[in-house]
S.K.: 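Below are the structure tokens for one structure; questions will follow.
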Number of protein chains: 2
Amino acid sequence: MDRRITRNDDDASGKERPTLKTLAFMTGLGVTTVSRALKDAPEIGAETRRRVQLVAKQIGYRPNRAGVRLRTGKTNVISLVLNTEHELMSFVSDIIYGVTEVIADTPYHLIVTPYSRSQDPLDPVRYLVETGSADGVIISRTQPNDPRARYLLERGIPFATHGRTDMGLVHPYHDFDNYAFANEAVRALAGKGRNRLALVTPPLGLTYYRHTVNGFADALSEVGASEVPFNTVSIDQSIEQIRTRTAQLMQRKDRPDGFVSSAAAATLAIVAGIEDAGLKLGRDVDVVSKQSSELLHLFRRELLVVNENFRLAGFELARAVMGWIAGQEPGSLQSLSKPSEVLAYRG
Amino acid sequence: MDRRITRNDDDASGKERPTLKTLAFMTGLGVTTVSRALKDAPEIGAETRRRVQLVAKQIGYRPNRAGVRLRTGKTNVISLVLNTEHELMSFVSDIIYGVTEVIADTPYHLIVTPYSRSQDPLDPVRYLVETGSADGVIISRTQPNDPRARYLLERGIPFATHGRTDMGLVHPYHDFDNYAFANEAVRALAGKGRNRLALVTPPLGLTYYRHTVNGFADALSEVGASEVPFNTVSIDQSIEQIRTRTAQLMQRKDRPDGFVSSAAAATLAIVAGIEDAGLKLGRDVDVVSKQSSELLHLFRRELLVVNENFRLAGFELARAVMGWIAGQEPGSLQSLSKPSEVLAYRG
DNA sequence: TTGGCAACCTGTAACGTTTCAGTATATTGA
DNA sequence: TCAATATACTGAAACGTTACAGGTTGCCAA
């Protein structure tokens with residue numbers, strides 16, 4: 001016998017957001033029937049089904065995410081886990097855009113989960129899993145033996161890694177073929193008569209460090225060039241550090257006549273270092289660099305570049321996670337993107 | 001096909017995620033009491049309160065977001081609405097990192113809501129509001145008369161804009177002082193004896209287009225320099241377009257001897273165009289450019305730069321939205337960031 | 001003694017959804 | 001004809017939380 005203002009009981013009008021109850025009232029059916037009709041359950045009559053779906057479309061019904069999530073545990077969320085310090089530069093936004101392309105026509109939302117240098121990279125992943133905040137996770141800065149991948153695999157949470165692991169475990173990934181990149185970069189330099197080459201590597205602990213180093217080393221011996229060790233430098237060091245170390249290197253008598261650089265920002269620093277030492281790009285030394293946007297040729301047209309498409313990476317990663325969520329085999333959701341050829345400045 | 005084994009009735013052990021019910025069982029209290037105790041309600045005894053909070057911390061209780069959201073309507077979500085085509089480059093990730101700094105120790109999540117060129121910019125905002133997907137919204141590419149701001153204001157949804165509006169309506173914003181930037185840029189060029197200046201503007205419809213143009217124009221008349229019209233170009237055109245138009249401009253007899261550029265990427269194109277025309281930066285022409293990372297001086301040390309900090313923008317925008325959500329006055333949540341001085345290459 | 005009141009705690013309902021266990025009606029098989 | 005069965009639908013319960021409307025104590029003033 002209570003006269004409370006019960007909200008959505010019987011209004012067919014109202015500015016209130018429609019729920020299943022609203023639809024049930026409008027169609028004269030039960031809430032259960034409406035729910036099942038909307039997801040094409042077979043035990044609902046064909047006509048009823050169409051009728052419900054029509055009305056739902058007309059009044060712009062959208063399932064309440066909180067209701068679904070509470071009842072089913074499904075969040076309809078993909079989380080992109082990012083390192084706040086290292087993941088500098090444009091490529092993060094490219095990945096994000098790639099991901100959003102995939103989820104655009106799905107009920108999925110993308111949340112960005114950051115972590116900082118000081119934290120254990122496992123922290124944000126643990127948080128996501130413990131709070132059940134996402135149906136799928138995308139991680140980057142992948143390591144050969146990656147605790148995050150292992151953790152997610154143990155809990156059965158769908159994920160994809162940007163970069164491969166090397167733990168004998170199967171999971172979706174997308175990777176750029178850095179072995180091929182480094183290999184072809186060396187060949188391109190050799191083709192220009194360069195034979196004393198230095199490599200500016202990816203960060204030491206990451207999987208693609210090894211891929212890059214191996215591609216570099218194999219190509220060196222294949223073309224008969226030699227390496228000028230430059231181990232003190234990697235691409236996630238500061239611009240200033242890379243620059244001064246490069247300048248120092250270039251002042252030695254046994255300096256390299258070619259560089260392979262794994263990132264565009266590092267390349268800017270390398271070139272600055274070369275010029276600090278009074279040498280000239282294209283004459284005294286050549287540099288092959290990866291880039292993710294078409295800017296390096298504006299910087300110095302003598303540079304040789306290889307393009308890496310991060311938007312594609314985001315796209316593939318999202319497809320992989322969604323595929324796993326949808327029940328596809330993790331092993332079938334792996335992709336490797338081949339580098340473009342080494343490009344010189346075109347007119 | 002239901003994979004849940006659930007039932008959380010009376011287990012004090014279990015791998016299940018703890019809920020209020022779990023806590024109630026463990027403490028011997030009612031669910032209501034536990035709920036109130038956790039939020040420091042005054043009608044709960046001090047000792048009980050501490051006891052509950054202790055147990056909650058011990059077992060790592062985290063409120064279920066779906067439960068809260070369903071019951072209260074509070075999503076604990078901030079949405080960053082981004083244009084997928086225009087918002088190129090690194091600065092998006094900077095904004096994201098700025099936002100995450102603010103929400104790091106709060107229950108808030110950041111979701112990225114994209115829209116593409118083809119869509120009405122109002123679409124994603126409407127979606128967010130209609131589905132109640134966020135407690136607060138951050139929008140960029142703000143226009144003087146911005147339908148999104150008007151819409152959100154009408155519905156009473158907290159938001160902040162990157163850039164100001166000019167509709168006589170009060171709302172939180174963060175903006176970079178582009179008037180001051182353009183003004184000081186002109187003065188710096190005048191200080192180097194340049195007096196025929198061209199401006200590469202922001203996109204035409206956005207508020208900061210006017211700010212920039214006004215700062216430029218006012219400074220011109222203050223220092224007695226003149227403008228070389230270059231209206232066919234703005235910063236969200238392609239690199240190639242800007243480059244070729246700049247080259248054309250520089251081949252005319254009445255070419256400018258100074259440029260003011262509103263974005264780093266455009267500056268690369270401008271310099272390329274200048275050099276295509278056979279002219280030399282620093283000798284024939286000077287360029288003042290905004291930049292959001294410290295890269296332009298590596299590109300050409302003759303460039304004059306002004307720094308714009310997008311991480312700060314993200315930080316301030318997030319603070320503003322959160323402040324509004326927390327009940328602060330929208331009018332008190334506005335900030336304007338002053339440009340650095342015009343910087344020449346430092347040794 | 002009684003009533004009033006403050007301090008502290010609790011059960012129930014509701015948010016919107018899906019699942020479980022049905023019910024009612026029509027259809028079929030013998 | 002009756003029972004078995006298929007078809008189409010439905011109410012109630014549950015997910016975890018908070019708001020509402022109480023309920024018990026114990027203490028104090030009258």
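Protein chains get the first letters and strands the later ones, always in sequence-line order, with residue 1 at the start of each. Computed from a prediction, not measured in an experiment: that's the story for all the values here. Both backbone and side-chain heavy atoms feed into the values below; hydrogens, waters and symmetry mates do not.
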S.K.: Can you tell which of D/dT10, C/dT17, D/dT18 lies closest to the side chain of A/Thr33?
M.R.: D/dT10
S.K.: Atom CD of residue position B/Glu154 - does it have more than 12 heavy atoms of other residues, nucleotides or ligands inside 6.0 Å?
M.R.: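 Yes - once you tally the heavy atoms of other residues, nucleotides and ligands closer than 6.0 Å, there are more than 12.
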S.K.: Enumerate the protein-to-nucleotides 23-27 of chain C contacts in which both atoms are nitrogen or oxygen and the separation is below 3.5 Å.
M.R.:
none

S.K.: Please give, in whole Å, the distance from D/dG11 P to A/Lys21 NZ?
M.R.: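 Whole-Å distance recorded here is 12 Å.
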S.K.: Run the side-chain contact (heavy atoms from CB on, under 4.5 Å) check on B/Thr100 and B/Tyr108 step by step: do they pass?
M.R.: CA-CA 9 Å; B/Thr100 61; B/Tyr108 279 85; over 6 Å; no
S.K.: Give a yes/no on whether any side-chain N or O of B/Thr48 is located under 4.0 angstrom from OP1 or OP2 of C/dC9.
M.R.: yes
S.K.: Consider the side chain of A/Ser35, meaning its heavy atoms from C-beta on, and name the nucleotide among D/dT17, C/dT18, C/dT10 that approaches it most closely.
M.R.: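 The answer is C/dT18, which lies nearest to the side chain.
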S.K.: Could you tell me if the side chain of B/Arg69 sits less than 4.5 Å from the side chain of B/Asn76, heavy atoms only?
M.R.: no
S.K.: Quick one: label A/Gly30 by what it contacts on the DNA or RNA (base, sugar-phosphate, nothing), any heavy atom closer than 4.0 Å.
M.R.: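 Touches sugar-phosphate only.
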S.K.: Assess whether one donor atom and one acceptor atom, taken from the side chain of B/Thr72 and the base of D/dA19, lie less than 3.5 Å apart.
M.R.: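 Flag unset: no donor-acceptor pair detected.
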S.K.: What is the distance, rounded to the nearest whole Å, between atom CG of A/Asp40 and atom P of D/dA8?
M.R.: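 So the CG-P distance, A/Asp40 to D/dA8, works out to 14 Å.
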S.K.: How are the rings of A/Phe310 and A/His162 set to each other: parallel, tilted or perpendicular (split at 30° and 60°)?
M.R.: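 Rings of A/Phe310 and A/His162: perpendicular, over 60°.
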S.K.: Say whether A/Gln53 and A/Asp40, considering side chains only, have a donor N or O and an acceptor N or O under 3.5 Å apart.
M.R.: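 Their side chains do contain a donor-acceptor pair, which is all the 3.5 Å distance test asks for.
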S.K.: Using a 4.0 Å heavy-atom cut-off, does B/Ile44 contact any base of the nucleic acid, only the sugar-phosphate backbone, or nothing at all?
M.R.: sugar-phosphate
S.K.: B/Arg126 and side chain to side chain contact (heavy atoms under 4.5 Å, CB included): which partner among B/Asp120, B/Leu152, B/Thr131?
M.R.: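 The residue from B/Asp120, B/Leu152, B/Thr131 that satisfies side chain to side chain contact (heavy atoms under 4.5 Å, CB included) with B/Arg126 turns out to be B/Asp120.
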S.K.: How many whole angstroms separate atom CZ of B/Arg71 from atom P of C/dT17?
M.R.: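 Going from CZ in B/Arg71 over to P in C/dT17 covers 16 Å.
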S.K.: Among B/His171, B/Gln143, B/Arg148, B/Arg150, which one satisfies side-chain hydrogen bond (donor to acceptor under 3.5 Å, both in side chains) with B/Thr165?
M.R.: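 In the set B/His171, B/Gln143, B/Arg148, B/Arg150, the residue that makes a side-chain hydrogen bond (donor to acceptor under 3.5 Å, both in side chains) with B/Thr165 is B/His171.
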S.K.: Take atom CG of B/Leu29 and atom P of C/dA7, then tell me their distance rounded to the nearest Å.
M.R.: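 Going from B/Leu29 (CG) to C/dA7 (P), I get 19 Å.
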S.K.: Rounded to whole angstrom units, what separation is found between the CG atom of B/Leu38 and the C1' atom of D/dG16?
M.R.: 13 Å
S.K.: Distance check: side-chain N/O of B/Lys39 vs OP1/OP2 of D/dT18, anything under 4.0 Å?
M.R.: yes
S.K.: If I take atom CG in residue B/Leu70 and atom C1' in nucleotide D/dA13, what distance separates them, rounded to the nearest angstrom?
M.R.: 15 Å
S.K.: Are B/Ser93 and A/Ser93 close enough that a side-chain donor and a side-chain acceptor fall under 3.5 Å?
M.R.: no
S.K.: Is any N or O donor-acceptor pair between the side chain of A/Thr32 and the base of C/dT19 shorter than 3.5 Å?
M.R.: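 Side chain to base: pair found, below 3.5 Å.
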S.K.: Could you please name the option among C/dT10, D/dT17, D/dC9 that lies closest to any side-chain atom of B/Val68?
M.R.: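 The answer is D/dT17.
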S.K.: Can you give me the bend angle of the helix from C/dT1-D/dA30 to C/dA30-D/dT1? Use the axis through the first five pairs and the one through the last five, nearest 10 degrees.
M.R.: 60°
S.K.: Checking A/Ser116 against A/Thr84: is there a side-chain donor and acceptor pair closer than 3.5 Å?
M.R.: no
S.K.: Rounded to the Å, how far apart are B/Arg65 CZ and C/dG16 C1'?
M.R.: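 Distance, rounded to whole Å: 18 Å.
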S.K.: Look at the rings of B/His109 and A/Tyr127 and say which category their plane angle falls in: under 30° parallel, 30 to 60° tilted, over 60° perpendicular.
M.R.: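 Rings of B/His109 and A/Tyr127: perpendicular, as their planes differ by over 60°.
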S.K.: Please figure out whether B/Gly28 or B/Gly67 has its closest DNA chain C nucleotide nearer the 5' end.
M.R.: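 Per heavy-atom nearest nucleotide, the more 5' residue is B/Gly28.
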S.K.: Rounded to the nearest Å, what distance is computed from the CG atom of residue A/Leu20 to the P atom of nucleotide C/dT19?
M.R.: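 That distance rounds to 12 Å.
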